Visitor: 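Can you read through this structure? Questions will come right after.
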Amino acid sequence: MITAERKPLKEIMDYIQPFNRILLVGCNECVTVCSAGGRKEVGLLSSALQSAFLSAGKSIEIKEHTLERQCDPEYVEEIVGMMDGVDAVVSMACGCGVQEMARRYKNKPVFPAVNTKFMGASERQGVWAERCQGCGNCLLGITGGICPIARCSKQLMNGPCGGSTNGKCEISKEVDCAWQLIWDRLKMLGQEDRYLDIIPAKDWRTAGGGGPRKIVREDLAG
Amino acid sequence: MEKFEPVIVAFCCHYCAYTAADMAGSQRLDYPPNVKIIRVPCSGKVDAIHILKAFERGADGVYVAGCLEGDCHFKNGNLKAEKQVQYLRKSLDEIGIGGDRLEMVFMSAGMGEFFARKAKEMTEKIRELGPSPVHTQLEQQARQKAS
Ligand code: SF4
Ligand code: SF4
C-alpha cells in the first residue's frame with residue numbers, strides 16, 4: 001500500500017488560515033489502512049482543527065467527507081455538489097488523491113493534510129516499512145523476494161557492502177541488511193547459485209529516470 | 001470574575017470504575033459534581049474521537065478510568081486505553097488545549113474511596129489550570145449571542 005503520515009497541525013492550519021469554509025476529504029483505500037487519512041482520521045482532524053481555531057478565536061466551518069478512492073475521477077466527481085459551499089479543500093489522501101482533487105476542482109485551493117511516505121507493508125499493528133520503490137522492472141524473482149532497491153540503503157545490486165554486520169545494515173542496528181536477507185532466503189530455497197549471477201547496471205529509465213511514467217492498456221483505454 | 005467551575009468528563013468502564021463510582025455513592029462519599037460520568041463497556045472502547053469531541057464541546061478536563069492492570073474484563077482494553085491517552089496528550093498539546101488536561105486512571109470495582117479522591121484531585125488540578133481555551137471562547141460566543 002501507499003503509506004502516509006498526518007502533517008503537523010500547525011502546517012495544515014497555516015494553509016487554511018485565510019479560509020472559512022473547508023471541505024475535508026478522506027480516502028477509503030491505502031491511507032485508511034495505514035491510519036493516516038480514512039474516515040476516522042477525517043473526524044479526528046476536523047475536531048482538532050475546530051478546537052485549535054476556536055482556541056485562537058476563529059470559527060471555521062468544516063464539512064467532512066470520505067471517498068471510496070481519491071485517485072479515480074469517477075469518485076472525485078461524486079462531491080461536485082459540495083463544492084459550491086466551500087472556500088478550500090483539504091485532502092487526507094496520498095499525493096495522487098490530492099492531485100486528482102486539484103485537477104478536477106481547478107478553482108478551489110487544495111491542500112495536503114498528510115505526507116505521503118512510501119510503498120510498504122505492515123510489519124505489525126501500527127508499524128509500516130518500505131518495501132518497493134516502483135522501479136518498473138522488478139528484480140524480486142532473482143533476489144529471493146527481497147528488494148535491494150527499497151531495502152538496501154545503497155541500492156546495491158550484487159551483494160552487500162563492507163558495512164553489513166551481524167545481519168544489520170551499517171546505517172543503523174535497527175535496519176536489516178537487505179543482502180543478508182537475500183542471501184539467507186536464497187540459501188533456504190537452495191538457490192545459492194542465483195547469488196553468483198551478476199545483475200547488470202540497472203536501467204533507471206523505467207524507474208522514473210526517463211521522465212513521468214504512464215501505463216496505457218490499449219484494450220482498456222478509451 | 002465569577003468562580004471557575006471546571007467541566008470534567010470521566011469515561012468509566014462498566015466493570016470497575018463505574019462500579020467504583022457506584023460504591024462511592026452507596027458509601028455516601030462526597031465527590032465534586034463537576035465530574036460527569038459516561039459509562040462505557042470497556043475503557044478500551046473509548047475512541048480518540050470521543051475524547052477530542054469532549055474537549056471540542058468545552059470540557060476542561062477528561063479522564064478515562066479502567067480496571068487495574070490484569071483485571072480488564074476484555075483482557076487488555078485498559079492498557080490500550082492508556083496508550084491512546086498518552087498519544088492523545090501530545091495531540092492536545094498540538095491543538096493548544098494542553099495534554100495535562102487528559103489522564104488515565106486505574107481502579108477496581110471496590111475502590112469507591114479512591115474514585116471519590118481521584119474525582120476531587122482531578123477537579124482541583126483542572127481548577128488550577130483554569131478553563132480550556134475552547135471553553136473560554138464558547139462562553140464568550142454564548143455571551144455575545146445573548147447580548
Ligand atoms: S525490484 Fe523494483 S519493482 Fe521490484 S520490489 Fe524492488 S523497487 Fe519494487
Ligand atoms: S549494509 Fe547491507 S543494506 Fe546496508 S548498505 Fe550495505 S549492503 Fe545495503
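Just so it is clear, the model here is predicted, and its values are computed rather than measured. Letters A, B, ... mirror the listed sequences (proteins, then strands); counts begin at 1.
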Visitor: For residues 62-79 of chain A, give me every residue with a non-hydrogen atom less than 4.5 Å from any non-hydrogen atom of chain B.
Guide: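 Not one residue of residues 62-79 of chain A has a heavy atom under 4.5 Å from chain B.
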Visitor: Does a donor on one side chain and an acceptor on the other come within less than 3.5 Å for A:Ser47 and B:Glu56?
Guide: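 Indeed, the side chains of A:Ser47 and B:Glu56 share at least one donor-acceptor pair under 3.5 Å.
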Visitor: Hey, is CD on A:Glu174 packed in by over 12 heavy atoms from elsewhere, all under 6.0 Å?
Guide: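 Count not over threshold, so no.
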Visitor: Considering residues, nucleotides and ligands other than B:Lys45, do more than 12 of their heavy atoms fall under 6.0 Å from its NZ?
Guide: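 Counting other residues, nucleotides and ligands, NZ of B:Lys45 stays at 12 neighbours or fewer.
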Visitor: Indicate the atoms forming the closest heavy-atom contact of B:Asp47 with A:Lys40, along with that distance.
Guide: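 Closest heavy-atom pair between B:Asp47 and A:Lys40: OD2-NZ, 2.9 Å.
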Visitor: Run the side-chain contact (heavy atoms from CB on, under 4.5 Å) check on A:Ser51 and B:Ile97 step by step: do they pass?
Guide: CA-CA 8 Å; A:Ser51 292; B:Ile97 289 174; 3.9 Å; yes
Visitor: Does B:Glu69, at its CD atom, have more than 12 non-hydrogen atoms belonging to other residues, nucleotides or ligands within less than 6.0 Å?
Guide: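 Incorrect, the count does not exceed 12.
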Visitor: Looking at A:Gln133, I'd like to know if its CD atom is crowded, meaning that more than 12 non-hydrogen atoms belonging to other residues, nucleotides or ligands lie closer than 6.0 Å.
Guide: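 Counting neighbours around CD of A:Gln133, more than 12 heavy atoms of other residues, nucleotides or ligands fall under 6.0 Å, so yes.
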Visitor: Can you find a pair of side-chain heavy atoms, one from A:Pro8 and one from B:Glu94, that are under 4.5 Å apart?
Guide: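 Side chain of A:Pro8 against side chain of B:Glu94, heavy atoms only: contact under 4.5 Å found.
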Visitor: Looking at B:Lys80, I want to see if its NZ is surrounded by more than 12 non-hydrogen atoms of other residues, nucleotides or ligands under 6.0 Å.
Guide: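 Open: at most 12 neighbouring heavy atoms sit under 6.0 Å from NZ of B:Lys80.
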Visitor: Is a donor from one side chain sitting under 3.5 angstrom from an acceptor on the other, for B:Gln141 and A:Ser59?
Guide: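 Checked: B:Gln141/A:Ser59 side chains pair up, N/O donor to acceptor below 3.5 Å.
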Visitor: Take a 6.0 Å sphere around CZ of A:Arg185 and say whether it holds more than 12 heavy atoms from other residues, nucleotides or ligands.
Guide: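 Not buried by this count: 12 neighbours or fewer within 6.0 Å.
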Visitor: What is the distance from atom OG of A:Ser46 to atom CD1 of B:Ile49, rounded to the nearest 0.5 Å?
Guide: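 Rounded to the nearest 0.5 Å, the OG-CD1 separation comes out at 7.5 Å.
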Visitor: Mind listing the closest non-hydrogen atom pair of A:Leu54 and B:Val134 along with its distance?
Guide: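 Shortest heavy-atom contact: CD2-CG1, 3.6 Å.
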Visitor: Any chance CD1 of A:Ile215 has more than 12 other-residue heavy atoms, nucleotides or ligands included, within less than 6.0 Å?
Guide: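 Open.
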Visitor: Counting only heavy atoms not in A:Lys58, do more than 12 sit closer than 6.0 Å to its NZ atom?
Guide: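 Counting other residues, nucleotides and ligands, NZ of A:Lys58 exceeds 12 neighbours.
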